[in-house]
Amino acid sequence: MLHKKQIWFVILSLFLGFSAQAKENVGVTGKRSSNYARLSAGCSDATTQVDLDINNVRARLLGAGDFWWDLQNDAKYEIPKVDPSTGIIPVSSSFAGALWIGGIDAGGQLKIAAQTYRQSGNDFWPGPLDADGTIEEATCNAFDRHWKINRTEIDDFFETILTYNGVPGVTETATLIPENEIPQIIREWPGAGSNFAVGKAGESINVQKDLAPFVDVNFNGQYEPDKGEYPDIDGDQAIFWVYNDKGNIHTESGGDAIGVEIQAMAFGFQTNDEINDMTFYRYKVINYATTALDSTYFGQWVDSDLGAYDDDWVGCDTVLSLGMCYNGDLNDGPTSPNYGANPPIFGTDFFQGPIKYVFEDGAIVDSFRLGMAAFLYYNNDFSIIGNPEVAAHYYGYMSGTWKDGSPFTSGGNGYGGTELSNYIFPSDPSDPEGWSECTESNPAADRRYLQSSGPFTLLPGAKNEIVMGAIWVRPPVSGGCQTSFDLAKLADQKAQSLFDADFQLIGGPDAPDMNIRELDQEIVLSLTNGPTSNNIGESYQETDPLLVSIISELPDSIIEANPNSTDSTFNFQGYKIYQLANSQVSPSEYNDVTKAKLIYQCDLKDGVEKIVNYSFDVNIGADVPELMVDGNNE
């Protein structure tokens, strides 16, 4: 008989279709958390931290508008993600990021909320605002937390719903699901009407407003998980939190408060392509001010320390609204940890900007979404093109002016020229005729960059949904003037198509149930697909909304030349069964014979014998085929 030891098996369903020692602001000492004078009923600083870590990225999220660092001067956008138990020091591709908002009120007063490193203070605090646009300290404290959930937890709860009530949605006669059958994160999800949302100190919160999205099966606007309702998320893992700019005085920017609440959701997908190296962020910004805010801008601020913090260049693509950081030479370092040779490119994209309304005689006659209106970089110093120091500097960087009020200009370092330009370094570094850090021969340094969207009028009660994403690629040759943005732009176009498809990826065939029978010197595996499986009778077929989005952009000439180019469905073809060394082996390691062994393969008998993937090779400018499966067609 076989020895009694743990054996790990993975079944692949085959289907066919078409911390870097980063630096905060130099020369600033003092506050990091809570050493400034408070309003008598003011909120305390957000303290909680959580990691978005479902795919190849481990991204740290904080509770007050900033993210990608740990409040202790360590970068926390780790990619590739490293198992902490290995003792390997991970390398990060960014040190910090935050959403900025600013505009001018009817009295000409600048109002702004912006966050960087909390060295001078804070502009954001945890928790939702009341109907009158205020917040109590107790609410801030209770909401100093994140709600983190995996798609698999929702899928498992869905099976529980089916057990009690069959198809969800029939709730008038539904059997209530016992509390002990509802996972804690689903019970505590802060949906409207929830009594299960527990604060960080264990206090119960009765959520009386729309907060975290959920599937409302009986359409009564109240979150009731005991009636079969559950969180509505994007991605394979999502993290929800809420913060505001009214919890205390603005000691980061020094500006006046706007009166906004921001409901944030970060999410990621676990895939086997570029999306596995991406993270996404959806912000619902609600204005509780009673007067309009004119000339408003939203900004995505990034301190883009790419491995070693002191040798970076930045640039942008104005067509894609993509800001990027790349290494200033062929080797990242020597500051450690670093990426070494052929360093990666990190970028952020505004997939969806704010709504701009068109007024005529005081009435709204039209509206449209805004893209990236400006891109700039600044250095870690206190020069005219350095770190912002007062509210006007933060707003000027979003609206297109340097710290002395002079506009961004084309050429050189973007300062002091004669030709106005809202976009600094908009050219590919490999273009000798363009304007980039390469053509200017800039010394690589500790860069920050900012993408902004505006101007628009932020109306009282307005709700704006801002969506951005972070992409990462590692070209075979990269760094300095040899860098090409082509691979980064291709990845970003895929991310944009995913956004256009409402972040809907196909799930693939459901995993079969596997029964194991142990015999003398052998194991018999039986694979079955139950009545709730999408692959009953091995008949899985699913349309990919991402492909639908891409196909819709194809010119007629390509479709006429290749009718198969419109095929957007994936169909089940067979199984591969692997024995793994342990449960930590990832799909990317299945071809490593020291970690995984293919023990069996079967293939539908339908005339399809081979499955080939095509990946774009930026070096040759064409798709390269890779044989994934050579089946027996039996």
Side-chain angles (χ1 to χ4, degrees), residues 19-26 68 73-75 77-80 88-97 277 302-317 322-348 375-381 383 385-387 411-415 423-450 470-492 617-619:
S19 119
Q21 291 300 307
K23 300 298 178 185
E24 301 163 299
N25 291 344
V26 296
W68 300 345
N73 205 33
D74 286 325
Y77 195 90
E78 303 171 8
I79 178 168
I88 299 174
I89 298 175
V91 186
S92 289
S93 285
S94 189
F95 176 69
D277 296 326
V302 177
D303 181 354
S304 54
D305 295 342
L306 192 71
Y309 73 91
D310 54 358
D311 62 349
D312 295 335
W313 279 349
V314 297
C316 69
D317 185 280
L322 176 64
M324 286 168 283
C325 177
Y326 59 105
N327 212 64
D329 53 37
L330 292 175
N331 286 278
D332 183 33
T335 306
S336 182
N338 59 66
Y339 285 106
N342 65 287
I345 300 172
F346 173 82
T348 51
F375 176 88
L376 87 150
Y377 84 100
Y378 65 89
N379 289 320
N380 188 7
D381 57 36
S383 65
I385 60 172
N387 297 312
N413 62 4
Y415 178 81
Y423 306 101
I424 297 177
F425 305 138
S427 301
D428 196 298
S430 62
D431 178 6
E433 303 300 322
W435 177 32
S436 68
E437 297 227 53
C438 170
T439 57
E440 297 302 326
S441 300
N442 285 345
D446 184 10
R447 294 280 194 265
R448 294 94 160 90
Y449 71 75
L450 179 75
I471 63 106
W472 186 94
V473 295
R474 193 163 191 172
V477 178
S478 183
C481 295
Q482 293 194 31
T483 301
S484 168
F485 289 159
D486 287 350
L487 198 61
K489 291 192 289 186
L490 284 170
D492 187 61
D617 188 323
V618 68
N619 292 317

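Numbers here are sequence positions counted from 1. These figures come from a predicted structure and were not determined experimentally.
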Asn387 vs Asn380, side chain to side chain contact (heavy atoms under 4.5 Å, CB included): CA-CA, chis, key distance, verdict: CA-CA 6 Å; Asn387 297 312; Asn380 188 7; 3.1 Å; yes
Check the pair Tyr309 / Phe95 against ring-ring contact (aromatic ring centres under 6.0 Å, His included), numbers first and verdict last. CA-CA 8 Å; Tyr309 73 91; Phe95 176 69; 9.0 Å; no
Does the pair Tyr77 and Asp305 meet the rule for a side chain to side chain contact (heavy atoms under 4.5 Å, CB included), with working shown? CA-CA 10 Å; Tyr77 195 90; Asp305 295 342; over 6 Å; no
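In terms of heavy-atom proximity, Pro475 sits nearest to Asn342 at O-ND2, 3.5 Å. Between Gly315 and Tyr326, the closest heavy-atom pair is N-CE2, 4.2 Å. Of all non-hydrogen atoms in Ala75 and Ser94, the two that sit nearest each other are CB-O, 3.6 Å. Nearest heavy atom pair, residue Trp435 against residue Gly412, reads NE1-O, 3.0 Å. Shortest non-hydrogen contact noted between Arg474 and Ala341 is NH2-O, 3.0 Å. Across all their heavy atoms, Tyr449 and Gly323 have their closest contact at OH-O, 3.4 Å.
Residues Leu306 and Arg447 have side chains not in contact (no heavy-atom distance under 4.5 Å, counting atoms from C-beta outward). Under the 4.5 Å side-chain criterion, counting only non-hydrogen atoms from C-beta, Thr439 is not in contact with Phe425. Contact of the Tyr339 side chain with the Pro344 side chain is registered, since non-hydrogen atoms from C-beta on lie closer than 4.5 Å.
In this structure, the separation between CG on Leu322 and OG1 on Thr348 is 7.0 Å, given to the nearest 0.5 Å. Between atom OG of residue Ser478 and atom CG of residue Asn327 there is a gap of 7.5 Å, rounded to the nearest 0.5 Å. The CG atom of Asp311 lies 5.0 Å from the CG atom of Asp332; values are rounded to the nearest 0.5 Å. Atom-to-atom distance recorded for Trp68:CH2 and Asp303:CG is 10.5 Å, nearest 0.5 angstrom. With rounding to the nearest 0.5 Å, the separation of OG in Ser304 from CH2 in Trp313 is 14.0 Å. Separating the CD1 atom in Ile385 from the CG atom in Leu376 is a distance of 9.5 Å, to the nearest 0.5 Å.
Evaluated for a side-chain contact (heavy atoms from CB on, under 4.5 Å) with Phe346, the options Ile79, Asp277, Val302 yield exactly one hit, Val302. Here the rule is side-chain contact (heavy atoms from CB on, under 4.5 Å) with Thr483, and of Pro429, Pro343, Ser436 only Pro429 fits it.
Considering only residues two or more places apart in sequence or on other chains, Asp317 meets the salt bridge (charged side-chain N to carboxylate O under 4.0 Å, His left out) condition with Lys489.
Judged purely by atom type and a 3.5 angstrom limit, Asp431 has no side-chain atom pairing as donor or acceptor with the backbone of Asp428. Listed for the Asn413 side chain is a donor-acceptor partner under 3.5 Å among the backbone atoms of Tyr415.
Under the 3.5 Å distance criterion, with hydrogens and angles disregarded, a donor-acceptor pair is assigned to the side chains of Trp472 and Ser93.
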